[in-house]
A.B. asks: 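My questions will all concern the structure given below.
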Amino acid sequence: MQSYSSRHSRHMSDIVPPEVRPKPAVPAKPPNVGAPSPSSPFPPQGLGVGGGGISAPPPSAIPVPIGSHGGSHSVGHGIGHSVSHAGSHAAPHSGGHGHGGSHSSSGGSTLLGYIGIDTIIEQMRKKTMKTGFDFNIMVVGHSGLGKSTLVNTLFKSQVSRRSAGWARDEKIPKTVEIKAVSHVIEEGGVKMKLTVVDTPGFGDQINNDNCWEPISKYINEQYEKFLKEEVNITRKKRIPDTRVHCCLYFISPTGHSLRQLDTEFMKRLSHSVNIIPVIAKADTLTIEERQEFKQRVRKELEMSGIEFYPQKEFDDDMEDKSDNDKIREAMPFAVVGSDKEYQVNGKRVLGRKTAWGIVEVENPNHCEFAQLRDFLIRSHLQDLKEVTHNIHYETYRAKRLNENGGLHPISSADTQESNL
């Protein structure tokens, strides 16, 4: 008759998972990587496991299978019978009580040591810094609203059309023109090719019928140019992006209501470009007038069915919705632009000097320029580009391909001609 100890040891050998092997070598963590985070999957050393009060061995001494199961028993049956689960059951036991098939957990697999997945963000950052960014912004509004000045103030450099050789005796054009000026600006090692598209002549005529058509045509031409590059048999490694990512529409600070031209323009172009309405030269309004005018403009845009950026339907989650709701409630931003500096309380500030004081451009108590800048550049610049590519460009692309039954690949000669 076999002794109890021999039977017990054979029973234990039957249920030990086949994955338990001699301790593997754990790679040393690179010196430039910080200490483990508090959410590390390994239990702290010396912590009692199960009802027996036995301390768990260090993580490196617990071989854990890494696979499709996303988790495992943290300690084998050899240490008491109270077993803690890291997320789900490990691979099937040799005795046949395991679950077949893949059984994953949202917690992810427990790692035996440092891999380096967290460096992917740094790799992406380095690659993007080498290639740089493109950002194309269009400014629309009639003459005298400070469009060029505001763009210069936004990017703190002379990037507008007027700064690139505009003459003060230049006559107002008889029709709407499209003029694009590109600059490469750099900050903190990050390069961005900024293209400012101006629309001189818009709204300046006695008869402004259909004055938005040249602007709509230009926007669609940039989509067409990008589409032709995409359908080429031999595509460029990086397709030049001249698509308009953002359109700043300047509203006159009348204090009354939107003009019919304002409503018509935004209604016709809101489905092909990201429109951000701004109230220009807000220092001509009192604080009370400004608030009333903003509310009236929002109400008129809503009644006309005009959707400006950020559109409610493109909110990704509740966090996005919460952030964007605050922005939508503050729009249209009432702004003041200036590229001149003045001394205020011992500090140099951008502002406009008047007979009764200095209007500080970046002071939130004076105007909403800082909110516009933070929204446009610091929080939503990448999203503007993504909405342009994934929504507006895709809408144009689907329409074109449906119309033609598909675009034929174009020759290199056609490509060279379109780039001229």
Side-chain angles (χ1 to χ4, degrees), residues 135 137 139 141 144-160 185 187-188 192 194 196 246-256 258 274-302 308-312 315 319-384:
F135 188 61
I137 183 170
V139 290
L145 291 180
K147 302 186 296 293
S148 300
T149 304
L150 184 74
V151 172
N152 289 343
T153 313
L154 272 171
F155 296 98
K156 295 194 174 181
S157 55
Q158 301 296 312
V159 294
S160 70
I185 56 179
E187 182 181 47
M192 183 172 77
L194 174 68
V196 180
C246 168
C247 174
L248 286 180
Y249 187 79
F250 287 70
I251 299 169
S252 299
T254 61
H256 300 297
L258 291 172
N274 296 316
I275 292 181
I276 299 176
V278 296
I279 298 172
K281 295 196 171 182
D283 53 333
T284 61
L285 300 169
T286 66
I287 294 175
E288 292 78 13
E289 289 171 343
R290 187 174 79 187
Q291 287 305 114
E292 288 177 10
F293 188 44
K294 281 162 64 81
Q295 290 175 7
R296 198 174 293 122
V297 168
R298 278 199 299 270
K299 188 175 181 181
E300 289 186 27
L301 291 174
E302 186 179 347
F308 51 83
Y309 179 86
Q311 298 90 334
K312 291 181 181 179
D315 293 340
E319 184 182 357
D320 272 359
K321 184 181 184 305
S322 176
D323 293 341
N324 290 338
D325 279 345
K326 293 175 185 175
I327 292 167
R328 286 187 280 262
E329 288 169 8
M331 291 177 80
F333 296 113
V335 297
V336 176
S338 175
D339 47 13
K340 292 183 180 179
E341 286 189 339
Y342 296 94
Q343 194 87 11
V344 177
N345 298 326
K347 290 171 62 179
R348 301 288 294 176
V349 297
L350 289 170
R352 283 170 57 85
K353 190 173 183 180
T354 66
W356 51 87
I358 294 173
V359 180
E360 298 174 39
V361 168
E362 295 178 288
N363 187 335
N365 296 320
H366 292 193
C367 74
E368 295 169 340
F369 169 82
Q371 285 177 264
L372 173 65
R373 179 202 56 209
D374 292 351
F375 161 63
L376 189 63
I377 300 172
R378 301 182 184 182
S379 66
H380 282 67
L381 188 147
Q382 182 60 30
D383 189 64
L384 282 162

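What you are looking at is a predicted structure, and each value in this text was computed from that prediction instead of being measured.
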A.B. asks: Hey, are E368 and K294 close enough for a salt bridge, meaning a charged N less than 4.0 Å from a carboxylate O?
C.D. replies: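 Counted as a salt bridge, because a side-chain N and a carboxylate O are separated by less than 4.0 Å.
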A.B. asks: Of all the heavy-atom pairs spanning I377 and L154, show the shortest one and how long it is.
C.D. replies: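 Closest approach of I377 to L154, heavy atoms only: CD1-O, 3.8 Å.
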A.B. asks: What are the two closest heavy atoms between P277 and F308, and how far apart are they?
C.D. replies: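 So the two residues come closest at CD-CB, 3.7 Å.
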A.B. asks: Any side-chain donor-acceptor pair under 3.5 Å between H380 and D374?
C.D. replies: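 There is no such pair between these side chains.
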A.B. asks: What are the two closest heavy atoms between P253 and F293, and how far apart are they?
C.D. replies: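 Between these two residues, the closest heavy atoms are CA-CE2, 4.1 Å.
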A.B. asks: Determine the minimum heavy-atom distance between G337 and R352, stating which atoms define it.
C.D. replies: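 That closest heavy-atom pairing would be O-CD, 3.7 Å.
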A.B. asks: Quick one: CG on L248 to CD1 on I275, what's the gap to the nearest 0.5 Å?
C.D. replies: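 That separation rounds to 10.5 Å.
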A.B. asks: For the CG atom of L384 and the CZ atom of F135, what is their distance to the nearest 0.5 Å?
C.D. replies: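 Here the rounded value is 5.0 Å.
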A.B. asks: Is the side chain of S157 donor-acceptor paired with the backbone N or O of V159 at a distance under 3.5 Å, no angle test?
C.D. replies: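 Flag not set: sc S157 to bb V159 has no pair under 3.5 Å.
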A.B. asks: How many angstroms lie between atom CZ of F369 and atom OG1 of T153, to the nearest 0.5 angstrom?
C.D. replies: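 Rounded to the nearest 0.5 Å, the CZ-OG1 separation comes out at 5.5 Å.
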A.B. asks: Taking 4.0 angstrom as the limit, do D315 and R328 come out as a salt bridge?
C.D. replies: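 Salt bridge present between D315 and R328.
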A.B. asks: Y309 and side chain to side chain donor-acceptor pair (under 3.5 Å): which single residue from D383, N324, N274 fits?
C.D. replies: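 Answer after filtering D383, N324, N274: D383.
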A.B. asks: I need the I276 CD1 to C246 SG distance, nearest 0.5 Å.
C.D. replies: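 I276 CD1 to C246 SG: 3.5 Å, rounded to 0.5 Å.
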A.B. asks: One thing to verify: whether E362 and R373 come together as a salt bridge, which I'm taking to mean a side-chain N less than 4.0 angstrom from a carboxylate O.
C.D. replies: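 Salt bridge flag = yes for E362 with R373.
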A.B. asks: Output the distance between atom CG (L372) and atom CG (L150), rounded to the nearest 0.5 Å.
C.D. replies: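 Going from the CG atom of L372 to the CG atom of L150 covers 6.5 Å.
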A.B. asks: Minimum heavy-atom separation for A282 to R290, with atom names?
C.D. replies: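 Shortest heavy-atom contact: CB-CD, 4.4 Å.
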A.B. asks: Once you round to the nearest 0.5 Å, how far does CD of E300 lie from CG of L258?
C.D. replies: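 Result: 4.5 Å between the selected atoms.
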